[in-house]
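Report on the structure given below.
Naming convention: chains lettered A, B, ... in sequence-line order (proteins, then strands); numbering from 1 in each chain. Quick caveat, the model's predicted, so the values are computed rather than measured.
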Amino acid sequence: MIRVRFAPSPTGALHIGGAHTALFNWLFVRREGGRFVLRIEDTDRVRSTKEAEKTILDGLQWLGITWDEGPFYQSERLNLYRRYAEQLLENGLAYKEGSAIVFRTPREGATYFKDIVWGDIEVENGSLKDIVLIKSDGMPTYNFAVVVDDHTMGITHVIRGEDHIPNTPKQILIYKALGFEVPEFAHLPMILGPDKTKLSKRHGATAVGEYRNMGYLPEAVFYYLSLLGWSPKEEGDILYPQEIVKLFDLRDVTKRAAVFDLEKLKWINKLFIKDKSPAELAKAMRFFWLEKGYNIDDYPESYLQDVVAILQGRAYTLQELADYSDYLLKESLNYDKIILAEFIGVMKGEEWNSLIEEIKKIDPFVVENIDNAVRSWLNKRGVKLKGVGQALRYALTARRVTPGIFEVMTLLGKDRVVDRLERAVSLVVGESSNWQDA
RNA sequence: GCUCUCAUCGUCUAGCGGCCAAGGACACUGCCCUUUCAAGGCAGCGGCGGGGGUUCGAAUCCCCCUGGGAGCGCCA
């Protein structure tokens, strides 16, 4: 039975690197069939917090990284570490130094292991220093606790970041001293910032939660992360977790550290947004709309879904999508008077009035009818749609970029369209009908 | 400094001795479509770090150099 584990220390948020590690463990174990164990490495009494732990678990759940056992806490297993440390003391393989217990590394020979992704790795034992097992405060050190935990928890495959490669020989020495079977190791490539150094806060957002708040979809983050150090034979289409599981193979993991590319993540996020059903998306949008202060409960659910449907695929994040939907979910528009005057200026006030009258007659108020009515009115007058279309767009949305203007008009409904047009025209033309560029 | 390790377009990668005058994706640049944007279509830019070998033949194997990364805590 294959058993893997993800063992974060609760000293901060779940960051991209951690999520990447958890993800690969998850893909591997779901692919091969086995159990995913979650272990909290909270032996650093000073830096560990319950809040950090919660953030990490939330982050994993958000991404859909499920675990089968745990969370287990190292802080609750202190006796275990103590007992094994004493065993080493009795065997003469470790010694006391003050109130700490230290492992005596062999001076001769070499320690070898075959990493699933890196291949053969060998280190001269002579280059290793003695290893502290139990700290003066009675807590085990990381290198000792992992060994005891991974063994007693029956972990068969240790999958973790490349930064642990130098620790591995030390741990293997301890496994052997304790008479434990050594598990398989698979080290994952590091995730770097644009400057090619280990990704950290100074590179920008590194916490998974930040991406959630910015409006990234969990599936998108999941897919993007899976692409760092691994790749499906054919890229191009988006893949959902279950599909990735089917294609995943630890042996295909790359060794070269990968630079985190936000541009690509954004693009992937856009694809996933586009792929969502309007109902699902509308649900996910609630948080972002509310954050914008829109009174979304004033509108029927079906309308909200229509709003999403017309906009999805044009935004990189849900936050952007919320921003783009303002004119559909807010009743008042803030025009830039100069821009409005410029757009409305493509036609005379009386022409606008005529067009508006024409629009009032459209029934039912659907895309095809609006399109026909507006175009035939324009044809009769010999006016091009280009300028008027843009004017309509700005007058109705206070934006220069929106989905197709006839789609927008349909969604807005005849009443709002007429109201907004009349107001826009009067703002520019004024009561007197003799208006100037502002 | 010591130890381990990596090295294909700007970025993520395919490639595991001949099918590679190196393929895809993101980004970027044109063009088409067009009521704006996006999408879509087409075209383009751009890379095997360097030097030695091995071989009939090397991006692929070996060595050296160079460059990068990680680790070297009674942190995890």
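- In this structure, A/Arg45 reaches neither bases nor backbone, as no heavy-atom distance under 4.0 Å exists between it and the strands shown.
- If you check B/G71 for Watson-Crick or wobble pairing at under 3.5 angstrom, you find it paired to B/C2.
- Heavy atoms of A/Thr141 sit under 4.0 angstrom from primed sugar atoms or phosphate atoms, though from no base atom.
- Within 4.0 Å of A/Gly229, counting heavy atoms only, lie sugar-phosphate atoms of the nucleic acid but no base atom.
- Residue A/Glu122 is in sugar-phosphate contact alone, with no base atom involved, counting any heavy-atom pair closer than 4.0 Å across all strands shown.
- As judged by a 4.0 angstrom heavy-atom cut-off over every strand, A/Leu228 is placed among residues touching the sugar-phosphate backbone only.
- Side-chain atoms of A/Arg393 and base atoms of B/U35 include a donor and an acceptor less than 3.5 Å apart.
- Contact annotation for A/Ala100: base contact, defined as any heavy-atom pair under 4.0 Å involving a base atom.
- Of the N and O atoms on the side chains of A/Tyr240 and A/Asp275, at least one donor lies less than 3.5 Å from an acceptor on the other residue.
- If you check every strand for non-hydrogen atoms under 4.0 Å, A/Lys266 touches nothing.
- Using a 4.0 Å heavy-atom distance criterion, A/Ser99 is classed as making no nucleic acid contact.
- Among the atoms of the strands shown, base atoms are found under 4.0 Å from some heavy atom of A/Phe406.
- The side chain of A/Leu227 has B/C12 as its nearest neighbour among B/C12, B/A76, B/C6.
- Counting non-hydrogen atoms under 4.0 angstrom, A/Ile405 reaches a base of the nucleic acid.
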